[in-house]
Amino acid sequence: MPEKAQSAPQAAHLLDEEQSRAIEEARARRSETRRSVSDDLEEILFQPLPVLDHGFVRVIDYMGDDAAIVQAARVSYGRGTRKVSEDRGLIRYLMRHRHTTPFEMCEIKYHIKLPIFVARQWIRHRTANVNEYSGRYSVMDKEFYIPAPEHLAAQSRSNRQGRGDVLEGAEATEVLDILKSDSRRAYADYEKILNETEEGEVLDENRQGLARELARMNLPVNFYTQWYWKVDLHNLLHFLSLRADPHAQYEIRAYAEVMLETVKRWTPLAYEAFTDYVMGGTHISKQGLEILRRMLDGEEVVQETSGLSPREWRELMASLGR
């Protein structure tokens, strides 16, 4: 089972008074529409869903629903009159056989606040429209990510991209102290060379201060940034298949798990098919299928006689729960 995200702060702690008021005003507005609307997603529209210590995910807008996927697949008019069970069967067929274009008919736009190092990992997915907060024009926020103690782990000895045992005792305390003190000092130096506070106040009238576009280079990658991220459902599900996976880095996985819940509200039939066939399923190679056939015929197959490398064998056996 995927590791659960650490307990997040209340959403109210993530926003200032002006931001909270703007969100409440947006949520109070109502518009008559002939478009398809997802009632469950409407419940959380605009609301910040907490992630990590200072981050959040907000659904800003969306287009389409499960019916839009079915409509595109059948090239039909309107929402159609078929039963939900028939729509479910078609969506599961599309997911199972990787017919992806009908899922591209649905789009969703998020407002996301995340640490810079997570954003740099995230942006490798080049299938969305992105507009990020600019440190050239605005002063960066004084907010930085500090891992919870249970996520403060050593480098794995067997996986260059993974974590090993959790740090404990004096070493863990020292690492946390260094992360916090370095972040605070970096921001203090940022304000000093900028000659400006987070609120925009000039520190010393006799100094010019460094340009914002240069001063920002002093900040470490655990500081928070924000962006708007718009993506179609097909590419969102591909992103989630990689980033909500138990092997993904915890920090980006925490965001993916929250976004997965928004998909569940938005397109529940597509979500069900995705979790069954993609997240809960597995891909087996031609050689793997042959091994399964041999096992079903009663043959005892071991790695040495399988034709698979040790790593391929371990992965196949893990997928079979053996």
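Worth knowing before you read on, the calculation uses all heavy atoms, side chains too, and leaves out hydrogens, waters and symmetry mates.
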### Query
Do the side-chain N and O atoms of Ser309 and Glu312 include a donor-acceptor pair separated by under 3.5 angstrom?
yes

#### Entry: Side-chain touch Asn222/Leu179, heavy atoms, less than 4.5 angstrom
no

### CA sep, side-chain torsions, deciding dist, call: Phe56, Gln226, side-chain contact (heavy atoms from CB on, under 4.5 Å)
CA-CA 9 Å; Phe56 60 70; Gln226 300 183 41; 4.2 Å; yes

### Message
Closer than 3.5 angstrom, by distance alone: can the side chain of Thr275 be matched with the main-chain N or O of Met279 as a donor-acceptor pair?
### Response
no

### Message
With ring-ring contact (aromatic ring centres under 6.0 Å, His included) as the test, pick out the partner of Phe223 among Phe144, Tyr190, Tyr145, Tyr133.
### Response
Phe144

### Message
Please confirm whether the ring centroid of Phe239 lies under 6.0 Å from the ring centroid of Trp122.
### Response
yes

### Query
Do you know the tightest heavy-atom contact between Asp204 and Asn206?
OD1-N, 2.9 Å

### Query
Between Glu272 and Arg88, is any pair of side-chain heavy atoms under 4.5 Å apart?
yes

### Query
Do NZ/NE/NH1/NH2 and the carboxylate oxygens of Glu315 and Arg311 come within less than 4.0 Å?
yes

#### Entry: Backbone of Asp40 reached by a side-chain donor or acceptor of Arg265 within 3.5 Å
yes

#### Entry: Main-chain N/O of Arg124 paired to Arg126 side chain as donor or acceptor, under 3.5 Å
yes

### Message
Can you confirm whether more than 12 heavy atoms, excluding those of Glu174, are under 6.0 Å from its CD atom?
### Response
no

#### Entry: Residues, nucleotides or ligands: over 12 heavy atoms within 6.0 Å of His97 NE2
yes

### Message
Once rounded to the nearest 0.5 Å, what's the spacing between atom CZ of Arg58 and atom OG1 of Thr262?
### Response
13.5 Å

### Task
Could you please spell out the steps behind the side-chain contact (heavy atoms from CB on, under 4.5 Å) verdict for Thr305 and Val302?
CA-CA 6 Å; Thr305 62; Val302 295; 3.6 Å; yes

### Message
One thing to verify: whether Asp297 and Arg294 come together as a salt bridge, which I'm taking to mean a side-chain N less than 4.0 angstrom from a carboxylate O.
### Response
no

#### Entry: Pair Arg253-Gln249, side-chain contact (heavy atoms from CB on, under 4.5 Å): steps then yes or no
CA-CA 6 Å; Arg253 191 170 78 248; Gln249 181 173 338; over 6 Å; no

### Close side-chain approach of Tyr271 to Leu260, heavy-atom, < 4.5 Å
yes

### Query
Mind checking whether Leu52 and Glu251 have side chains closer than 4.5 Å, heavy atoms only?
yes

#### Entry: His111 ring center within less than 6.0 Å of Phe46 ring center
no

### Task
Kindly work out whether a path of hydrophobic side-chain contacts (I/L/V/M/F/W/Y, heavy atoms less than 4.5 Å apart) joins Val51 to Ile123.
yes

### Query
Do you know the tightest heavy-atom contact between Ser319 and Thr282?
CB-OG1, 3.6 Å

### Message
If I take atom CE from residue Met140 and atom OG1 from residue Thr225, how far apart are they, to the nearest 0.5 angstrom?
### Response
5.0 Å

### Task
Check whether any side-chain heavy atom of Arg120 lies under 4.5 Å from a side-chain heavy atom of Val221, and answer yes or no.
no

### Task
Would you confirm whether Asp66, through its side chain, and Leu269, through its main-chain N or O, come within 3.5 Å as a donor-acceptor pair?
yes

### Task
For the pair Met95 and Thr100, evaluate side-chain contact (heavy atoms from CB on, under 4.5 Å) and give the outcome as yes or no after the intermediate values.
CA-CA 7 Å; Met95 185 71 68; Thr100 61; over 6 Å; no

### Task
Return yes when atom CD of Glu299 has more than 12 non-hydrogen atoms of other residues, nucleotides or ligands closer than 6.0 Å, and no otherwise.
yes

## Note on the structure
Closest non-hydrogen atoms of Arg207 and Asn195, given as atom of the first, atom of the second and distance, are O-ND2, 2.9 Å

### Query
Sub-3.5 Å donor-acceptor pair from the side chain of Glu198 to the main-chain atoms of Lys142, do we have one?
yes

### Task
To the nearest 0.5 Å, tell me how far Asn235 CG sits from Glu107 CD.
9.5 Å

### Query
Is there a donor-acceptor pair under 3.5 Å between the side chain of Asp245 and the backbone N or O of His247?
yes

### Heavy-atom pair of closest approach, residues Phe103 and Leu233
O-CB, 3.1 Å

### Check: Ile23 and Pro48 side chains under 4.5 Å, non-hydrogen atoms
yes

### Message
Hydrogens and angles aside, do Asp53 and Tyr224 bring a side-chain donor and acceptor to less than 3.5 Å of each other?
### Response
yes

### Query
Does Arg21 come within less than 4.0 Å of Glu24, counting only side-chain N to carboxylate O?
no

#### Entry: For Pro220 against Ile116, the heavy-atom pair lying closest together
O-CD1, 4.2 Å

### Main-chain N/O of Ala68 paired to Asp65 side chain as donor or acceptor, under 3.5 Å
yes

#### Entry: Tyr255 side chain to Lys113 backbone, donor-acceptor under 3.5 Å
yes

### Query
Salt bridge between Asp87 and Arg92, side-chain N to carboxylate O under 4.0 Å?
no

### Message
Within the 4.5 Å heavy-atom criterion, are Gln303 and Arg314 side-chain neighbours or not?
### Response
no

### Task
Answer whether the closest heavy-atom distance between the side chains of Arg185 and Asp189 falls below 4.5 Å.
yes

### Query
Any donor-acceptor pair under 3.5 Å linking the side chain of Arg27 with the backbone of Leu45?
yes

### Task
Looking only at non-hydrogen atoms, find the nearest pair between Trp227 and Ala119 and report the distance.
CH2-O, 3.5 Å

### Message
With rounding to the nearest 0.5 angstrom, report the CD1 to CZ distance, Ile291 to Arg293.
### Response
11.0 Å

### Query
Looking only at atom types and distance, does a side-chain atom of Arg212 sit under 3.5 Å from a main-chain N or O of Tyr137, one as donor and one as acceptor?
yes

### Task
Only one of Glu42, Arg35, Lys230 passes side chain to side chain donor-acceptor pair (under 3.5 Å) with Tyr62; say which it is.
Glu42

